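Computed from a predicted structure; not experimentally measured. Just so you know, these numbers use all the heavy atoms, side chains as well, and skip hydrogens, waters and symmetry mates.
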Amino acid sequence: MVGSVSMNQQEHSIISLLLNEMAFEGAIKHFHEAPPDLSIELFEQIKAIGIPGRYDGKIEDYRYVDIDFDHEKSVFENCYRQLRTIRNNIVHANKAYRPDPPERLDDLLSWAQGFIHSVYRSNSPLSERATAIKATLRIENF
């Protein structure tokens, strides 16, 4: 009999980020769903946390970049770009060499979960399509 493996909150948040970003990408790129209308507060929150740029070997740390709101894009699109940056840092293991302090990672993952929940609460065509994608893939618990 295989033992039960319990998933901690951080692992759950990372998996949720990865799977929901994938569902959002499918809804946008393959079904061309329009972005939902979200509060600018979401962007202001991630701007306050800050997003690291590329790792710089000369200083042996990440160079942080100021993120500015692109007024040519929706709040969703501005936030989604930051969600993808967080995802990329996890997927490409940039953080394995020099991980974020636990509090900062918690802040980033907490923001990501807030953004994801805001998208689903929007009851938009994008959120409905992402929900359908997750159901088809049997990952709706994330």
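- Note: Asn78 CG to His71 NE2 = 8.0 Å, rounded to the nearest 0.5 Å.
- Expressed to the nearest 0.5 Å, how far CD1 of Ile86 lies from CZ of Arg84 amounts to 12.0 Å.
- To the nearest 0.5 Å, the span separating CG on Asn20 from OG on Ser127 amounts to 11.0 Å.
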- When you look at Thr131 and Glu140, which way does the side-chain contact (heavy atoms from CB on, under 4.5 Å) test go after all the steps? CA-CA 7 Å; Thr131 298; Glu140 57 267 80; over 6 Å; no
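- Between the side chain of Lys134 and the backbone N or O of Ala23 there is no donor-acceptor pair closer than 3.5 Å.
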Table please: side-chain donor-acceptor pairs of residues 31-42 below 3.5 Å, with sequence neighbours left out.
| residue | atom | partner | partner atom | Å |
| --- | --- | --- | --- | --- |
| Glu33 | OE2 | Arg129 | NE | 2.9 |
| Glu33 | OE2 | Arg129 | NH2 | 3.1 |
| Ser39 | OG | Glu41 | N | 3.1 |
| Glu41 | OE2 | Gln45 | NE2 | 3.1 |

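- In this structure the side chain of Ile90 reaches within 4.5 angstrom of the side chain of Leu109, judged on heavy atoms.
- By the side chain to side chain donor-acceptor pair (under 3.5 Å) test, Glu25 is found to be paired with Lys29, residues two or more places apart in sequence or in another chain being considered.
- Residues that satisfy the side chain to side chain donor-acceptor pair (under 3.5 Å) test with Glu77, not counting sequence neighbours, are Ser74.
- Scanning both residues, Asn141 and His12, for their nearest heavy atoms gives O-NE2, 4.1 Å.
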- Query: Between Leu18 and Phe142, is a side-chain contact (heavy atoms from CB on, under 4.5 Å) present by the stated rule, with each step listed?
  - Reply: CA-CA 9 Å; Leu18 299 174; Phe142 291 94; over 6 Å; no
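- Under the ring-ring contact (aromatic ring centres under 6.0 Å, His included) criterion, Phe76 pairs with Tyr80, Phe115, not counting sequence neighbours.
- Using a 30° and 60° split on the angle between ring planes, Phe43 and Phe69 fall in the perpendicular class, above 60°.
- Taking the side chain to side chain donor-acceptor pair (under 3.5 Å) definition, one finds that Gln113 meets it with Ser16, sequence neighbours left out.
- The nearest pair of heavy atoms linking Gln10 to Leu105 is NE2-CD2, 3.0 Å.
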- Message: Run the side-chain contact (heavy atoms from CB on, under 4.5 Å) test on Met22 and Ile139 for me, step by step, so that the C-alpha distance in whole Å, both residues' side-chain angles and the decisive distance to 0.1 Å come before the verdict.
- Response: CA-CA 11 Å; Met22 176 189 69; Ile139 57 172; 3.6 Å; yes
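- Of the inter-residue distances, the one linking Arg104 atom CZ with Leu108 atom CG reads 4.5 Å to the nearest 0.5 angstrom.
- Residue pairs meeting the salt bridge (Lys or Arg N to Asp or Glu O under 4.0 Å) criterion with at least one member in residues 65-76, sequence neighbours excluded: Lys47-Asp68.
- Taking CG of Leu17 as the reference point, atom CH2 of Trp111 lies at 8.5 Å (rounded to 0.5 Å).
- With rounding to the nearest 0.5 Å, the separation of CD in Gln9 from CG in Asp106 is 9.5 Å.
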